[in-house]
S.K.: 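Okay, here's the structure, questions in a sec.
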Amino acid sequence: MEAIPIEFDSKKFQEDLISWFAEEKRDLPWRRTADPYQIWISEIMLQQTRVDTVIPYYKRFVEKFPTLNDLANAEEEVLLKQWEGLGYYSRARNLQAGVKEVAEKYNGIVPSTRKEISSLKGVGPYTAGAVLSIAYGVPEHAVDGNVMRVLSRILLVEEDIAKPKTRKTFEDAVMEIISHENPSFFNQGLMELGALICTPTSPKCLLCPVREQCGAFHEGRQHELPVKTKAKKSKELHYAMLAIRSGETVLMEKRPESGLLANMWQFPMVEMGGAVLPEGLDEHLSENFKGTVENTEQITSFKHVFSHLTWNVDGFIAQGDGLTVPSHMKWVTAEELELLPVAGPVRKMKEALRQRGDV
DNA sequence: CATCCGTGGGC
DNA sequence: TGCCCAAGGAT
């Protein structure tokens, strides 16, 4: 299989792409550092996440954990609090695990070979190539969604980019055409092109620095590529979420250490069979919490959409004096609540409480 | 390989 | 409004 057209001029492509990137690249915070550790952080945060979303998180994060050792020694709860709102929270825990391994096994120096850096937690094929090329100038592929979209158009690749197997086609292609003089600008140029010019819906081909060598542009097929199959629809779940209060404190529980929103905190939740509120909620809760939950009052109702499922949440306040609670729960003051890392649905509940003046 | 794992913005 | 999307990785 030959992905690269025989007449493709790699040298000219490299020059056009790199010159354009040098001229037009955005001034982003992680482009102002040469520290492999900080570049690594940016690449993790940018996974499946928009640049505009990442910028403030990245700035706060490197200010809080300026060096690799600062992050290696951080409390997980502090780390997750910094990550709150970014999503895909396992990224944060995997990043710290990887950083700890670099601190212990590599004397604090981020390794510069694909084999070694790929062995770190949370570092896959893309991130490995990105850090290697950007931080160390190593000519390695860094194939993300942008690169697959851009190259599928330029090289007229018709394979389904939703299939894992397809990535290798593009990795091979990049290794054939990558600049060995400036692999950093080459890889970043491909991604920047995908972000600014060769966009999914309305590519700005007349502004493209490499349209002369683009197969899709020549054939007027830029809107047909890439080929990408659709994901299946998500499932729906219904929960009652409870702000159970006693005195000046509210009851919180820590989620399991694996799975959805692992190790994040939440108001205790009860799964409901259907969309209808169950009768006798207080009694059900009182059994659940080994004590009396009373004066339950609904204060909000909302939907929270995750990538693969949807929560329909009814939010309640209740009184829970004298409850005996399991070890993964604890009573916290309003001040302590603000230090706990919580995800989207809990933030919506907190907002509902705030509007009532309850927290 | 298919599924799991968040969030907010754009159309 | 519903769907797609964004610098993916682990299992």
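The sequence lines fix the lettering, A, B, ..., with proteins before strands; numbering per chain opens at 1.
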S.K.: Tell me the interatomic distance from A:Lys165, atom NZ, to C:dG8, atom C1', rounded to whole angstroms.
M.R.: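 Checked: the NZ to C1' distance equals 21 Å.
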
S.K.: Less than 4.0 angstrom from a charged side-chain N to a carboxylate O is my criterion; do A:Lys11 and A:Glu181 meet it?
M.R.: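 Answer for the salt bridge query: yes.
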
S.K.: Starting from P on C:dA6, measure out to CG on A:Leu28 and report it in whole angstrom.
M.R.: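 In whole Å, C:dA6 P lies 17 Å from A:Leu28 CG.
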
S.K.: Can you tell me how far P of B:dC5 sits from CH2 of A:Trp83, to the nearest Å?
M.R.: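 In whole Å, B:dC5 P lies 18 Å from A:Trp83 CH2.
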
S.K.: Of the candidate nucleotides C:dC4, B:dG9, B:dG6, which contains the atom at the shortest distance from the side chain of A:Arg50?
M.R.: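 Of the candidates, B:dG9 comes closest.
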
S.K.: For the pair A:Lys12 and A:Glu15, find out whether any cationic side-chain nitrogen is under 4.0 Å from an anionic carboxylate oxygen.
M.R.: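 Salt bridge flag = no for A:Glu15 with A:Lys12.
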
S.K.: Applying a 4.0 Å non-hydrogen cut-off, can you work out what A:Gly259 is touching in the nucleic acid: base, sugar-phosphate, or nothing?
M.R.: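 A:Gly259: backbone/sugar contact only, no base atoms under 4.0 Å.
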
S.K.: Where the side chain of A:Pro164 is defined as all heavy atoms beyond and including C-beta, which of C:dG8, B:dA2, C:dC5 is the nearest nucleotide?
M.R.: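 From the listed options, B:dA2 comes nearest.
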
S.K.: Hey, does A:Val54 reach any base, or is it just sugar-phosphate, or nothing, if we go heavy atoms under 4.0 Å?
M.R.: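 Contact class for A:Val54: none.
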
S.K.: Do the side-chain N or O atoms of A:His308 get closer than 4.0 angstrom to the phosphate oxygens (OP1, OP2) of B:dC4?
M.R.: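 Looking at the OP1 and OP2 atoms of B:dC4, neither is under 4.0 Å from any side-chain N or O of A:His308.
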
S.K.: Just checking A:Arg31: base, sugar-phosphate only, or nothing, at a heavy-atom cut-off of under 4.0 Å?
M.R.: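 Base, at least one base atom sits under 4.0 Å.
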
S.K.: Could you state the CD-P distance from A:Glu236 to C:dC3, rounded to the nearest angstrom?
M.R.: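 Computing the A:Glu236:CD to C:dC3:P distance gives 10 Å.
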
S.K.: For residues A:Ser19 and A:Glu23, is any side-chain donor paired with an opposing acceptor at under 3.5 Å?
M.R.: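 A:Ser19 vs A:Glu23: no donor-acceptor pair found between side chains.
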
S.K.: Could a donor-acceptor pair under 3.5 angstrom be found where the side chain of A:Arg91 meets the base of B:dC5?
M.R.: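 No, the side chain and the base share no sub-3.5 Å donor-acceptor pair.
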
S.K.: Under 3.5 Å, is there any donor-acceptor pair linking the side chain of A:Ser307 to the base of B:dG6?
M.R.: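 Side chain to base: pair present.
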
S.K.: Take the protein atom CG of A:Asp52 and the nucleotide atom C1' of B:dT7, then report the distance between them rounded to whole Å.
M.R.: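 It works out to 14 Å between those atoms.
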
S.K.: How many whole angstroms separate atom OH of A:Tyr88 from atom P of C:dA6?
M.R.: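 After rounding, the gap between these two atoms is 13 Å.
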
S.K.: Quick check, are the ring centers of A:Phe306 and A:His308 under 6.0 angstrom apart?
M.R.: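 No.
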
S.K.: B:dT7, OP1 or OP2 - any side-chain N/O from A:Tyr89 closer than 4.0 Å?
M.R.: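 So the side chain of A:Tyr89 is within the cut-off, an N or O lying under 4.0 Å from OP1 or OP2 of B:dT7.
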
S.K.: A:Glu43 or A:Leu120: which one's nearest nucleotide on DNA chain C is closer to the 5' end?
M.R.: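 Nearer the 5' end of the strand: A:Glu43.
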
S.K.: Any idea how A:Trp30 and A:Tyr58 line up, ring-wise: parallel (<30°), tilted (30 to 60°), or perpendicular (>60°)?
M.R.: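 Correct class here is perpendicular.
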
S.K.: So which one's nearest nucleotide on DNA chain B is more toward 5', A:Lys163 or A:Ala262?
M.R.: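 Result: A:Lys163.
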
S.K.: At under 4.0 Å between heavy atoms, what does A:Leu86 touch on the DNA or RNA strands: base, sugar-phosphate, or nothing?
M.R.: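 Base contact.
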
S.K.: How far, in whole Å, is C:dC4 from B:dT3 if one measures between their P atoms?
M.R.: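 Nearest-Å result for B:dT3 against C:dC4 at atom P: 16 Å.
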
S.K.: With a cut-off of less than 4.0 Å, is there a side-chain N or O of A:His304 near OP1 or OP2 of B:dT7?
M.R.: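 Yes, such a contact exists.
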
S.K.: More 5' along DNA chain B: A:Val342 or A:Thr166, using each one's nearest nucleotide?
M.R.: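 That would be A:Thr166.
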
S.K.: Do A:Phe61 and A:Trp83 make the cut of ring centroids closer than 6.0 angstrom?
M.R.: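 Yes; A:Trp83 has its ring centre under 6.0 Å from that of A:Phe61.
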
S.K.: Whole angstroms only, please: what is the CH2-C1' distance between A:Trp311 and B:dG6?
M.R.: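 Going from CH2 in A:Trp311 over to C1' in B:dG6 covers 11 Å.
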
S.K.: Would you mind telling me which residue lines up with the more 5' stretch of DNA chain C, A:Gln47 or A:Thr199, judged by nearest nucleotide?
M.R.: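 The residue whose closest nucleotide sits nearer the 5' end is A:Thr199.
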
S.K.: Considering only C:dC4, C:dG9, B:dC5, which nucleotide approaches the side chain of A:Pro125 most closely?
M.R.: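 Of the options given, the side chain of A:Pro125 lies nearest C:dG9.
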
S.K.: For the pair made of CZ in A:Arg93 and C1' in B:dC5, what is the distance, rounded to whole Å?
M.R.: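 Between C1' of B:dC5 and CZ of A:Arg93: 12 Å.
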
S.K.: Can you see if the side chain of A:Thr53 gets near the phosphate of C:dA6 - specifically, an N or O under 4.0 Å from OP1 or OP2?
M.R.: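 For C:dA6, neither OP1 nor OP2 has a side-chain N or O of A:Thr53 closer than 4.0 Å.
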
S.K.: Is there a side-chain polar atom (N or O) of A:Arg167 under 4.0 Å from OP1 or OP2 of C:dG8?
M.R.: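 For C:dG8, OP1/OP2 do not have a side-chain N/O of A:Arg167 under 4.0 Å.
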
S.K.: To the nearest 0.5 angstrom, please state how far the CD1 atom of A:Ile117 sits from the OH atom of A:Tyr106.
M.R.: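 The distance works out to 9.5 Å.
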
S.K.: Would you indicate what A:Thr127 reaches in the nucleic acid, counting non-hydrogen atoms under 4.0 angstrom: base, sugar-phosphate, or nothing?
M.R.: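 Result for A:Thr127 = sugar-phosphate.
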
S.K.: Please measure how far the C1' atom in C:dG9 lies from the corresponding atom in B:dC1, and state the result in whole Å.
M.R.: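 One C1' to the other, the span is 14 Å.
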
S.K.: Below the 4.0 Å mark, does B:dG8 have OP1 or OP2 next to a side-chain nitrogen or oxygen of A:Arg347?
M.R.: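 Indeed, a polar side-chain atom of A:Arg347 lies that close.
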
S.K.: Could a donor-acceptor pair under 3.5 angstrom be found where the side chain of A:Thr49 meets the base of B:dG6?
M.R.: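 Flag set: donor-acceptor pair detected.
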
S.K.: Need one value for A:Ala343: base, sugar-phosphate or nothing, where a base atom within 4.0 Å counts as base even if backbone is also close, heavy atoms only.
M.R.: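 The residue A:Ala343 makes sugar-phosphate contact but no base contact.
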
